Amino acid sequence: MPTESASAPAAPAAPSGNVLVDLKRVRQAFRKADKGEHVVLDNVDLTISKGEIVGLLGRSGSGKSTLLRIVAGLSAPTSGAVQWCGRPVTGPCEGLSMVFQSFALFPWLTVLENVELGLEALGVPSTERRRRSLEAIDLIGLDGFENAYPKELSGGMRQRVGLARALVIHPQLMLMDEPFSALDVLTAETLRTDIIELWGEGKLPIGSILMVTHNIEEAVLMCDRILIFSVNPGRVAAEIQVDFPHPRNRLDPAFRQMVDDIYARMTNRASQAAASRLAGHHEAPPTTMATPLPEVSTNLMAGLLEEIASEPYNGKADLPHLADDLQMEADELFPVAEVLQMLGFADLADGDVKLTDAGRYFVESANDARKRVFRERLVARIPLAALIKSVLDERPSHRAPASRFLHQLDDHMTESYSERSLKAIVSWGRYAELFAYDDETEEFSLDDPG
Ligand code: ADP
Ligand code: MG
């Protein structure tokens with residue numbers, strides 16, 4: 001769909017003129033505190049052409065946001081070539097806009113002012129600015145809320161403002177970083193459907209969309225092409241063309257099959273990374289201090305273990321199938337299964353989750369024994385848990401502030417991951433009675449010293 005762009009040069013007619021983004025052999029490494037380096041992206045090739053919606057699908061921490069920042073020209077990779085409309089990128093790209101997971105609105109500006117902001121930066125005259133902003137607000141379903149402030153809006157409406165602000169500049173490429181993940185299920189679904197409809201009707205003044213998500217169904221629902229990102233280091237492990245016509249039906253067997261296939265690939269990649277596929281046995285890479293821990297409750301873990309152990313699964317279940325049975329989104333189930341794998345209670349391979357001996361023991365045990373085996377697993381397999389325990393053991397006071405561990409985690413991951421990882425370990429450690437944690441003083445202590 002050809003669009004007027006506020007800033008981009010006229011596109012050449014040659015076939016190569018269809019390419020908006022071209023990344024070659026992009027590598028991104030961050031220096032670690034201990035002098036080593038953490039390779040986040042390795043050898044990433046990526047091309048985005050005009051008129052397509054491309055999905056970037058990968059687990060938490062696989063480098064998706066990092067890659068988006070590089071595409072947007074917000075940060076330069078350690079090495080590799082980045083081109084935007086045929087030219088090397090040296091700074092923020094024009095003709096490109098970004099929608100964030102966290103909305104990123106200015107609370108002291110109205111809806112209209114928030115949307116106008118993007119045009120101001122481009123030097124569009126004020127009457128033109130107003131006209132285009134009202135048009136974008138109208139298009140995205142916020143008519144009547146022009147003068148509202150973000151705090152007066154629901155999450156779904158705030159994200160609509162985020163979208164209006166991104167599309168008001170009529171970008172050649174709109175980047176979306178997990179745009180629906182902060183919304184509740186229904187709101188997210190409505191917004192997705194609206195976007196797809198507007199896109200299908202050619203009403204969005206946007207050339208192409210690159211969307212990051214960790215939600216497989218979302219990717220299959222919206223995208224023309226899906227790139228599956230592997231973890232540690234992030235690279236494009238597979239590319240999938242999605243040719244189903246819109247509107248797509250989640251219940252269509254071909255749709256389900258594709259979701260299942262992608263599952264299988266993602267779980268398989270994870271296990272291959274360990275390079276330990278001896279005798280068909282798949283093992284996940286060992287958890288290190290750099291592994292972000294997902295906030296999964298121990299209740300949910302126990303519930304899932306029990307479910308897998310019982311009929312009709314008897315110890316082995318197909319993940320998407322299991323999700324259906326539990327009336328959960330397959331993507332909600334995935335982190336739970338991942339944690340079970342981290343703890344050695346289950347193995348993940350080819351889209352199946354299978355109980356290990358430890359998992360079976362857990363299910364068959366009473367509460368005390370469950371806690372004990374959980375405690376042993378935490379210390380043996382989760383380095384952060386082992387670290388907290390040993391610091392508490394060593395200190396005469398048997399106490400340590402959360403900041404002690406947050407700082408150390410910050411050397412390995414971004415702040416929000418550190419905080420989430422710490423929250424996860426607090427709830428797991430409490431359950432296992434490995435240590436206690438005081439929410440008020442933000443202090444760890446030994447659960448029962450002596
Ligand atoms: P995703 O968006 O796929 O969840 P990110 O791109 O946010 O992943 O992060 C990938 C990895 O890169 C994480 O381990 C994160 O801690 C690390 N990382 C990201 N930005 C930085 C940075 N500026 N310095 C050090 N490490 C970083
Ligand atoms: Mg991210």
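First listed ligand is number 1; within each ligand, the first listed atom is number 1. Nothing here was measured: the structure is a model prediction, and the numbers come from that model.
Remark: distances from the non-hydrogen atoms of R59 to ligand 1 include one below 4.0 Å. Under a 4.0 Å heavy-atom criterion, H38 is in contact with ligand 1.
For the pair R250 and D324, the salt-bridge criterion is not met [side-chain N within less than 4.0 Å of a carboxylate O]. Under 4.0 Å is where a charged nitrogen must lie from a carboxylate oxygen, and between D347 and K354 no such pair does. Using a cutoff of 4.0 Å between basic side-chain nitrogens and carboxylate oxygens, E217 and R256 are scored as salt-bridged.
Protein heavy atom closest to atom 18 (N) of ligand 1, with residue, atom name and distance, is F30 CE1, 3.4 Å. Ranking the protein heavy atoms by distance from atom 12 (O) of ligand 1 puts V40 CG2, 3.1 Å first. Scanning all protein heavy atoms for the shortest distance to atom 8 (O) of ligand 1 gives G63 N, 3.2 Å. Protein heavy atom closest to atom 9 (O) of ligand 1, with residue, atom name and distance, is T66 OG1, 3.8 Å. Counting protein heavy atoms only, atom 16 (O) of ligand 1 is closest to M413 CA, 2.7 Å.
Between S62 and ligand 1, at least one N/O pair is under 3.5 Å apart.
With hydrogens and angles disregarded, no donor-acceptor distance shorter than 3.5 Å links the side chain of W428 to the backbone of L434. Checking side-chain atoms of E94 against main-chain N and O of P171 turns up no donor-acceptor pair under 3.5 Å. Listed for the T213 side chain is no donor-acceptor partner under 3.5 Å among the backbone atoms of A219. No donor-acceptor pair closer than 3.5 Å links the side chain of K389 to the backbone N or O of L446.
Counting heavy atoms under 4.0 Å from ligand 1, residue Y417 touches it through the side chain alone.
Other residues, nucleotides and ligands contribute over 12 non-hydrogen atoms within 6.0 Å of the CZ atom of R395.
In the candidate list G234, P292, S65, S65 is nearest to atom 7 (O) of ligand 1, counting heavy atoms.
Residue contacts to the Mg ion (ligand 2): T66 brings no N, O or S atom closer than 2.8 Å.
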